[in-house]
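First the structure, in the form of structure tokens, and then the observations on it.
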Amino acid sequence: MNIKYSLLIFCIAATLASCGNAPVDGEYSFTLLTTNDVHGAYFDSTYVGGNVKKSLYSVKYVVDSVRKADGAENVILVDAGDILQGDNAAYYYNYVDTLKPHVYPRMAAYMGYDAVTVGNHDVETGHRVYERVFKELDGYGIPFLGGNAIRNDDGKPYFPLYKIIERQGLRIAILGYTNANMKEWLSERLWSGMTFKSIVSLVQKDVDMVRANERPQIVIVSCHTATGSGDGSALESEGMDIFNMVGGVDFLICSHDHKPFVTCNDYIGLINSGSHCRYVGQGKIDITIKAGKIISKKLETRIIPVDKSNVDTAMASMFHDDYVKVKDFTLAEVGTSDCNIATNNSFIGMCPYMNLLHTISLSCSPARISIAAPLNYNKIIQAGNLVYDDLSTIYPYENQLIIANLKGSQIKKYLEASYSRWINTMSSPSDRLLKIKQSDDVRTGQKGWSFTERFYNFDSMGGLVYEVDVTKPEGERVSISRLADGGTFSADSTYSVAMTSYRANGGGGLLKDAGIDPDSLEIVARYPEIRNILYEYIKEAGGIKSALISRPQKIGGWKFVPEKLAEPALERDFRLLFPE
């Protein structure tokens, strides 16, 4: 941070604080508590098997413990976004029971949130859902903040930029921003009417404006953006960029990457509490005011682990009826499966899970080729009866299916880009094939070994027959022999390719790596949410049948070669990732 600039901002803030309704001289202490990337973890049950998970119930227990210790008046509670997606609790109130008030605003009000920030997965739910939640939160006096989502018609923020709260006679400003990279992941129809600007480009101007107009003694900035490295290279990860340049901010809340992280210096503290209610972020600020001016402040940041066994029982009782409705929906039978479906087998080759994803994509006309990736790291659905919860395991996101035209040469480059993230080049039998490292992965909860890249970007293709040569360098590994139906594959021909809306909008960067501009993508068909397509497929087919989802003439086939080299290496690497 520029120290001289920070001192100037601090002096300005202190001067402003002495104007107008100056606070009473004395010592003040406040505690900021934060959550982010809750992803629908409202209830403490997994619905299936009687298992208990961390949830807003256990977050409320932590919050109340801090309120009791520090004084409720001294505690500020903020969420940094991605609250409306990721669990059947969110899905049920987003799309199934749309007449009753949404459960999340009611929970946020019960817990005493001061502000909530818009996340990219909140926008993914669509205008009807997030505008409904916006309105219901507002009814409780809780703003849904997103000051960098700018309206196209008048240039003003689509969501509120900030809120002022007063505690102990001090004014506290909470500014909120959503992820600036939204258009790279989501179809424009989900965010029509707005444009997303870089937080870095706005935050200092906004903070200065709020300080000048509202004269707060404390400023909190809540951003649905990843912590990042601070090098300015990633629009979705602006946290450290903001931390290093902004002045006049006491706490910066980050999110999005699901990685718990805190840091602090004399001027600003950064808090990222991870995801799924596993932790609560905490910031503490001590302020001394003399002659109406702030003459000193002290900042601390930390992460509080959440214990799933400690819950707010009164809250659980209050929302029990909501839980029962979601549980009944989650456990409703939708069909059967004659095979086990394990998501982790996706990393070593073809398997029922990926075969199913390709099959449902290729069932949508006029798709001739499909692109799909594993979306759950290590889940298994046993053969037998299927319930709706199993569909959420197979496809946990609200992505739509897009069919676009790609040239054969682009398809080849796309596959090369995918496998370059997935595997190493082997030169001897002892080499490691999968790109893995010996470290824990906080996003998946995996201990010991994890992928160096994000596994949900490991795309394979259905509708083709091809091989991936593990002895070749990047860009030269993939050899496509033909189409699944026996037709000739040509680099010069155009093919209709099914992909998720996330991919079609540039999510994961694979289109870009293949030299394809998402904005120029020729889209020939759009389908609804992929989980709905899956549900309709199961009803029509009478269940998930291994013979139907594994037809070579439909989905084709691919493998790593030479098999004598690749198979032992895959087995070794798989055991490191999944030792049990």
Side-chain angles (χ1 to χ4, degrees), residues 27-45 51-81 83 87 89 103-117 140-142 165-168 170 172 174 218 220 222 250-255 258-264 269-287 298-320 322-323 442 445:
E27 306 285 336
Y28 297 84
S29 295
F30 293 94
T31 300
L32 170 65
L33 297 179
T34 72
T35 54
N36 55 266
D37 298 275
V38 168
H39 285 292
Y42 308 153
F43 307 123
D44 65 341
S45 169
N51 296 319
V52 175
K53 67 181 181 182
K54 297 179 181 182
S55 69
L56 289 180
Y57 291 173
S58 40
V59 169
K60 179 65 160 50
Y61 184 93
V62 172
V63 171
D64 282 353
S65 298
V66 175
R67 283 172 174 157
K68 183 176 181 180
D70 295 355
E73 179 70 8
N74 304 322
V75 176
I76 305 148
L77 181 59
V78 179
D79 184 273
I83 52 175
D87 186 279
V103 70
Y104 179 76
R106 290 184 281 124
M107 283 187 152
Y110 182 89
M111 295 176 69
Y113 274 93
D114 293 291
V116 175
T117 315
Y140 292 111
I142 305 169
I165 61 176
E166 293 195 12
R167 301 285 172 84
Q168 297 188 61
L170 270 63
I172 301 167
I174 307 170
I218 298 172
I220 299 163
S222 175
D250 299 295
F251 291 110
L252 172 66
I253 308 169
C254 295
S255 55
H258 297 192
K259 296 179 180 179
F261 177 78
V262 294
T263 189
C264 193
L270 183 150
I271 306 169
N272 184 334
S273 66
S275 70
H276 295 87
C277 299
R278 298 184 183 106
Y279 301 93
V280 172
Q282 183 185 69
K284 295 185 76 71
I285 182 168
D286 297 326
I287 294 175
K298 179 183 177 183
L299 300 170
E300 297 177 6
T301 55
R302 65 183 286 251
I303 295 290
I304 304 174
V306 171
D307 185 345
K308 65 182 180 182
S309 64
N310 291 328
V311 301
D312 184 312
T313 55
M315 183 176 180
S317 177
M318 172 73 72
F319 294 97
H320 179 71
D322 297 283
Y323 161 71
V442 296

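These values consider heavy atoms only, across backbone and side chains, with no hydrogens, waters or symmetry-generated copies.
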Are K308 and S58 close enough that a side-chain donor and a side-chain acceptor fall under 3.5 Å? no

Gap between atom CG of N272 and atom SG of C254 - 0.5 Å precision: 6.0 Å

Go through it in stages, so that I can follow the logic: the residues are N74 and T31, the test is side-chain hydrogen bond (donor to acceptor under 3.5 Å, both in side chains), and I'd like the CA-CA distance, side-chain angles, deciding distance and then a yes or no. CA-CA 6 Å; N74 304 322; T31 300; over 6 Å; no

Looking at I304 and R302, what are the two nearest heavy atoms and their distance? CG1-NH1, 3.5 Å

With a 4.5 Å heavy-atom cut-off, do L270 and V262 have their side chains touching? no

Judged by atom type as modelled, is there a donor-acceptor pair below 3.5 Å linking the side chain of S255 to the main-chain atoms of A80? yes

CE of M315 to OG of S317, rounded to nearest 0.5 Å, is 12.0 Å

Passes side chain to side chain contact (heavy atoms under 4.5 Å, CB included), V306 versus Y61? Steps please. CA-CA 9 Å; V306 171; Y61 184 93; over 6 Å; no

For residues V75 and F30, determine if any side-chain heavy atom of one lies less than 4.5 Å from a side-chain heavy atom of the other. no

Write down the atom of S55, the atom of Y42, and the distance for their closest heavy-atom approach. CB-O, 3.7 Å

Test side chain to side chain contact (heavy atoms under 4.5 Å, CB included) on F251 and T301; report intermediate values, then the result. CA-CA 9 Å; F251 291 110; T301 55; 4.1 Å; yes

Looking only at heavy atoms, the pair that brings S273 and I303 closest together is CA-CD1, 3.9 Å

Between Y57 and D44, is a side chain to side chain contact (heavy atoms under 4.5 Å, CB included) present by the stated rule, with each step listed? CA-CA 7 Å; Y57 291 173; D44 65 341; 3.7 Å; yes

In a check of side chain to side chain contact (heavy atoms under 4.5 Å, CB included) between V59 and each of D312, V311, V280, L77, which one passes? V280

Identify, with sequence neighbours excluded, every residue that meets side chain to side chain contact (heavy atoms under 4.5 Å, CB included) alongside A72. R67

Measuring only between side-chain heavy atoms, which start at C-beta, is I287 closer than 4.5 Å to I218? yes

Once rounded to the nearest 0.5 Å, what's the spacing between atom NZ of K284 and atom SG of C264? 12.5 Å

How close do D114 and I76 get, heavy atom to heavy atom, and via which atoms? OD2-CA, 3.4 Å

Please determine whether side chain to side chain contact (heavy atoms under 4.5 Å, CB included) holds for the pair K53 and D87, giving the CA-CA distance in whole Å, both sets of side-chain angles, and the decisive distance to 0.1 Å. CA-CA 12 Å; K53 67 181 181 182; D87 186 279; 2.5 Å; yes

I want to check something: taking the side chain as every heavy atom from C-beta on, are I271 and L32 in contact at a cut-off of under 4.5 Å? yes

Side-chain donor/acceptor of T117 to backbone N/O of D79, under 3.5 Å: yes

Can you name the closest pair of heavy atoms from D250 and L299 and give their distance? O-CD1, 3.8 Å

Aromatic ring centroids of Y113 and Y140 under 6.0 Å? no

Any salt bridge linking R106 with D322? Criterion: basic side-chain nitrogen under 4.0 Å from a carboxylate oxygen. yes

Before accepting this row, confirm whether a basic side-chain N of the pair K298/D286 lies closer than 4.0 Å to the acidic partner's carboxylate O. no

Please list, chain by chain and in numerical order, all residues satisfying side chain to side chain contact (heavy atoms under 4.5 Å, CB included) with Y323, sequence neighbours excluded. F43, S45, Y47, H320, K327

OH (Y279) with more than 12 external heavy atoms under 6.0 Å: no

Over all atoms of both residues, closest heavy-atom pair of M111 and L56: CE-O, 3.7 Å

List the steps, then state whether salt bridge (Lys or Arg N to Asp or Glu O under 4.0 Å) holds for D64 with K60. CA-CA 6 Å; D64 282 353; K60 179 65 160 50; 2.7 Å; yes

Non-hydrogen side-chain atoms of H276 and H258 separated by less than 4.5 Å: yes

